[in-house]
Number of protein chains: 2
Amino acid sequence: MIRGGIGASMNFDGKDMPRKGARVKISDVSDALGLTKSTVSRALNHYPDISETTRTRVQAMADKMGYRPLSHAQAIRTGLVKSLGLVIQMGDHDAQRPFLSTFLAGLSEGASAEGFTLTIATSNSEQATLDTFKSMIRDHKADGFILPRTMVDDPRIALLRAADVPFVLFGRVAGAADLPSYDIKGGAAMHEAVQHLAALGHRQIAFINGGTQYSYAPTRADGFLRGMRDAGLSVNPALMAQDAVTIDQARVAADVMLAAPNPPTAIICAVDMAALGVYESAAACGLEIGDDLSVIGYDGIPEGAHVSPPLSTFAVDFKHAGLRLSNLLIRNIRGEKPTGLQETAAAQFLRRGSTGPAPHSQTNSKGGNYESEL
Amino acid sequence: MIRGGIGASMNFDGKDMPRKGARVKISDVSDALGLTKSTVSRALNHYPDISETTRTRVQAMADKMGYRPLSHAQAIRTGLVKSLGLVIQMGDHDAQRPFLSTFLAGLSEGASAEGFTLTIATSNSEQATLDTFKSMIRDHKADGFILPRTMVDDPRIALLRAADVPFVLFGRVAGAADLPSYDIKGGAAMHEAVQHLAALGHRQIAFINGGTQYSYAPTRADGFLRGMRDAGLSVNPALMAQDAVTIDQARVAADVMLAAPNPPTAIICAVDMAALGVYESAAACGLEIGDDLSVIGYDGIPEGAHVSPPLSTFAVDFKHAGLRLSNLLIRNIRGEKPTGLQETAAAQFLRRGSTGPAPHSQTNSKGGNYESEL
DNA sequence: ATCGTTTCCGAAACCGGTTTCGGCAAGGGT
DNA sequence: ACCCTTGCCGAAACCGGTTTCGGAAACGAT
């Protein structure tokens, strides 16, 4: 049987504008080469039973003709749709709003680098989130999932584990050492925050934690406590609060602390939003931030740089987080063992105007070297 | 040939947890019914040559067995991947950062209501955006695209038009009356802003526009000018600025205006971020916002409610926008004519503390009825 | 020269659906 | 009673790839 070598092979030029109907399929490539499509397929997928000569010949022709396999066509056989899933749970306190775009940028970049795309969905409640996961798994809309904002005893983990579908955690969670994860060392950051304040002479240091349902809360609280211990400071239970993730929630907590008999000279917040709430409380009390009261936040939201005085905080690189998370997930999808798919990164301390020497006390103003262990 | 009616048909229960390998395919359904898969397929897809009795019988069995067609399996034949594409261009001035999550929520909701998913990608430059579109089109990653932040003479439109792929604009653009679109009536909002300020006695009203490359800029400028004309006020060219989309850019523009011989008593900004820049400029000049200087923004960013005084602005419902956009796009994908796929919605004026009576002038304090025509 | 091994590719089945085509049986008209 | 629709479903091709299987040719060893 003689196959015509001519045919749909006139105008090759890779950087042409995409035109509908002009799609070149694998049989076009095989016909142009006088091979069968099975050979072309195996050549392109680096099967060992294809000689190096024909492999390069096939590759060259495929490139020349601008052939690109249809991912959903291969998916039907391979079972891989080449897509990463992300379910964003909205509602609760604006969630990751300020970072979402850069986070997505990182995820998208990491995904497309490996030929994957990003499939996202949103939900309004925890139940809706789980339902969304179920339907996405059932319909195989993604080969794996990224789980942002991990919680202690996260129901998503149980669901995905039972379904036996790959996923990666953004944030470590206790008792899940065998899962791929990426995390920012928030505990070390809180530790560093205490060191910084202690070096400035502060002794009454308060801590306003974030949502206790999130896995980061115990980690950051632990970092704070370790920092206090290492600095030789005693922890006043009245100067510790929880579940403050909005401005209002933190303002209320700070109001109580600042009205206490032994008010703090510095407040560390687990999230920047809470720090902004402390600003409001301080203003109401007539306290000057950075002078009468030092404040440290965490997250690095843009607003922090615009308030007065600018907020000292720990910047988290969400772009990089997304990049690493998608990479870890893809490697997990490809079969790598979860061990070795766990990474951490440090938050970067940004010393700005909201931290200063403790009032009414001589500081050992040594500038200080603030290192973060762990 | 006798097909066993037993087999993979033991545990049907729809709300079970998804288990790998337990997928029920169309042949399972047809076997259970003693039909062929072609009949089942046509029954499920409402082909006219299937009797109503068997159609309901098939539907019932499919539901009972929890059958869900694999979208990428049907895609290979139908050419539809049941996915909406969104390319987010980052970089320039944080872009739609504050609204991204709610916008995505709307898109996702509208998409999933019709069985579609959302495939997103990000890019850093206009060229990268176009390249991303090309590759997504080439690989058919989506059946259509949503174009946020349309620009005057938008290169994405030419690209998508040439590729003959469905898309919908967020924001109208001149000379594209035959394209599906959704838009917020920003011109009417600016008009209403002028009316509001005029009613408060202001006569020197400035206008700080956003990025002139965006299609909203001429629209809003036009609304402002019409408002001034309708209010019988003359426009001072020195009190009009452009391309202010960040706090810093707007601060610079406001600095110039407030130092001019005939300074404005009110400033209307095309975007909230610019309004926040005006706040900074006013503070530097010692002007009290809402008293010495009135300010109106547009967008309804959350920060606007927290500044002092709270910013009067026009709130845009981005959730609803996403909802409508995905609906319009899906209908366009399904073949509806672009005419009839064009919607607009009004921005809602939020009168807050940043607007007050004009200083040094008797106001006709009639509270005013602020309607928006067009 | 003979007989296994490799090396390398073609043929065909397969993945999970959709769509075209053709034919059988029931219904309708004369 | 006969023919012609019409309704309804089965058979098979098809979509664009991947993967298994088998065999021909080249190679190597005896």
Side-chain angles (χ1 to χ4, degrees), chain A residues 1-3 8 20-59 61-62 65-82 115 138-141 143, chain B residues 1-3 8 20-59 61-62 65-82 115 138-141 143:
Chain A
M1 177 183 294
I2 304 175
R3 293 202 189 84
K20 204 157 187 169
R23 164 160 290 284
V24 34
K25 55 188 72 166
I26 193 171
S27 59
D28 294 332
V29 178
S30 61
D31 287 359
L33 288 165
L35 297 173
T36 61
K37 53 178 197 163
S38 71
T39 302
V40 172
S41 173
R42 280 173 298 163
L44 260 25
N45 293 326
H46 298 86
Y47 272 57
D49 64 343
I50 300 291
S51 73
E52 186 56 27
T53 19
T54 60
R55 204 200 66 76
T56 54
R57 201 164 66 98
V58 168
Q59 186 65 263
M61 178 59 82
M65 298 179 69
Y67 168 69
R68 293 282 317 234
L70 234 35
S71 64
H72 54 269
Q74 23 190 39
I76 163 182
R77 190 74 221 261
T78 64
L80 288 184
V81 293
K82 303 294 277 304
R138 179 164 43 70
D139 299 342
H140 207 298
K141 291 297 190 182
D143 302 314
Chain B
M1 177 183 292
I2 306 174
R3 292 201 190 86
K20 203 157 189 168
R23 164 159 288 282
V24 35
K25 54 188 72 168
I26 194 170
S27 59
D28 295 332
V29 178
S30 61
D31 287 0
L33 286 166
L35 297 173
T36 60
K37 53 177 198 166
S38 71
T39 302
V40 172
S41 173
R42 281 173 298 162
L44 261 25
N45 292 329
H46 297 87
Y47 270 58
D49 64 343
I50 301 292
S51 74
E52 186 57 26
T53 20
T54 58
R55 205 200 66 75
T56 53
R57 202 164 64 97
V58 168
Q59 187 65 263
M61 178 59 84
M65 298 179 68
Y67 168 70
R68 294 283 318 235
L70 234 35
S71 64
H72 53 270
Q74 20 191 38
I76 162 181
R77 191 71 221 262
T78 63
L80 287 185
V81 293
K82 303 293 277 304
R138 179 165 42 71
D139 299 342
H140 207 296
K141 292 295 191 183
D143 302 314

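This one's a predicted model, so the numbers in the text were calculated from it and none came from an experiment. Side chains are part of it too, since the values below use all heavy atoms of this structure and drop only hydrogens, waters and symmetry mates. Just so we're on the same page: letters track the sequence lines, and every chain starts at 1.
Here the closest heavy-atom approach between residue Asp143(B) and residue Val81(B) is recorded as OD1-N, 2.8 Å. For the pair Arg57(B) and Leu33(B), the tightest heavy-atom approach, listed with the atom from each and the gap, is NH1-CD2, 3.8 Å. Across all non-hydrogen atoms, the minimal contact from Tyr67(A) to Val24(A) is CD1-O, 3.2 Å. For Lys141(A) against Ser71(B), the heavy-atom pair with the smallest separation is NZ-OG, 3.0 Å. Residues Gln74(B) and Pro69(B) share a closest heavy-atom pair of OE1-CB, 3.6 Å.
Separating the OH atom of Tyr47(B) from the C1' atom of dG10(D) is a distance of 15 Å, rounded to the nearest angstrom. Across the protein-nucleic acid pair, Ile26(B) atom CD1 and dT19(C) atom P stand 11 Å apart, rounded to whole Å. Residue Ile50(A) contributes atom CD1, which lies 14 Å from atom P of dT20(D) at whole-angstrom precision. Between Glu52(A) atom CD and dC8(C) atom P the separation is 10 Å, expressed in whole Å. Computed from coordinates, the Asp28(A) CG to dG17(D) C1' distance equals 13 Å when rounded to whole Å. What separates CG of Asp139(B) from P of dG17(D) is a distance of 11 Å, to the nearest Å. Separating the CG atom of Leu80(B) from the C1' atom of dG17(C) is a distance of 14 Å, rounded to the nearest angstrom. One interatomic measurement links the two molecules: CG of Leu33(A) to C1' of dC8(C), which rounds to 16 Å at whole-angstrom precision.
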Identify the pairs formed between an N or O of the protein and an N or O of nucleotides 21-23 of chain C at a distance under 3.5 Å, and give each distance.
none

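Taking the nucleotide of DNA chain D with the nearest heavy atom to each of Arg55(B) and Ile76(B), the more 5' of the two is matched to Arg55(B).
Taking every side-chain heavy atom of Ser38(B) into account, dA11(D) is the closest of dA13(D), dC9(D), dA11(D). The side chain of Ala73(A) approaches dG16(D) more closely than any other nucleotide in the set dT18(D), dG16(D), dT20(C). You'll find that the side chain of Gln74(B) is closest to dG17(C), out of dG17(C), dC9(D), dC15(C). Nearest to the side chain of Thr78(B), among dG17(D), dT18(C), dC9(C), sits dT18(C). Set against dT19(C), dG17(D), dG10(D), the side chain of Arg77(B) has dT19(C) as its closest nucleotide. The Leu35(A) side chain lies nearest to dG10(C) when the options are dG16(C), dG10(C), dC14(C).
Between Thr54(A) and dC9(C), a side-chain N or O to OP1/OP2 separation shorter than 4.0 Å is present. OP1 or OP2 of dG10(D) lies within a sub-4.0 Å distance of a side-chain N or O belonging to Thr39(B). Contact check, Tyr67(B) against dG17(C): a side-chain N or O comes under 4.0 Å of OP1 or OP2. Residue Ser51(A) has a polar side-chain atom (N or O) positioned under 4.0 Å from OP1 or OP2 of dC9(C).
Ile26(B) places none of its side-chain heavy atoms less than 4.5 Å from the side chain of Ser30(B). Between Lys25(B) and Lys37(B) there is no side-chain heavy-atom pair separated by less than 4.5 Å.
Of the charged side-chain nitrogens involved, at least one lies within less than 4.0 Å of a carboxylate oxygen, so that Arg42(A) and Asp49(A) count as a salt-bridged pair.
Judged by distance alone, with hydrogens and angles left aside, Lys25(A) brings no side-chain donor or acceptor close enough to the base of dG16(D) to form a pair under 3.5 Å.
A side-chain donor from one of Thr54(B) and Ser51(B) sits under 3.5 Å from a side-chain acceptor of the other. The closest side-chain donor-acceptor pair between Thr39(B) and Thr36(B) falls under 3.5 angstrom.
Inter-axis angle, ends of the helix from dA1(C)-dT30(D) to dT30(C)-dA1(D), five pairs per end, rounded to 10 degrees: 40°.
Note on Ser27(B): nothing from the nucleic acid sits closer than 4.0 angstrom, heavy atoms only.
In this structure, CG in Asp31(A) is found 8.5 Å from CE in Met65(A), a value given to the nearest 0.5 Å.
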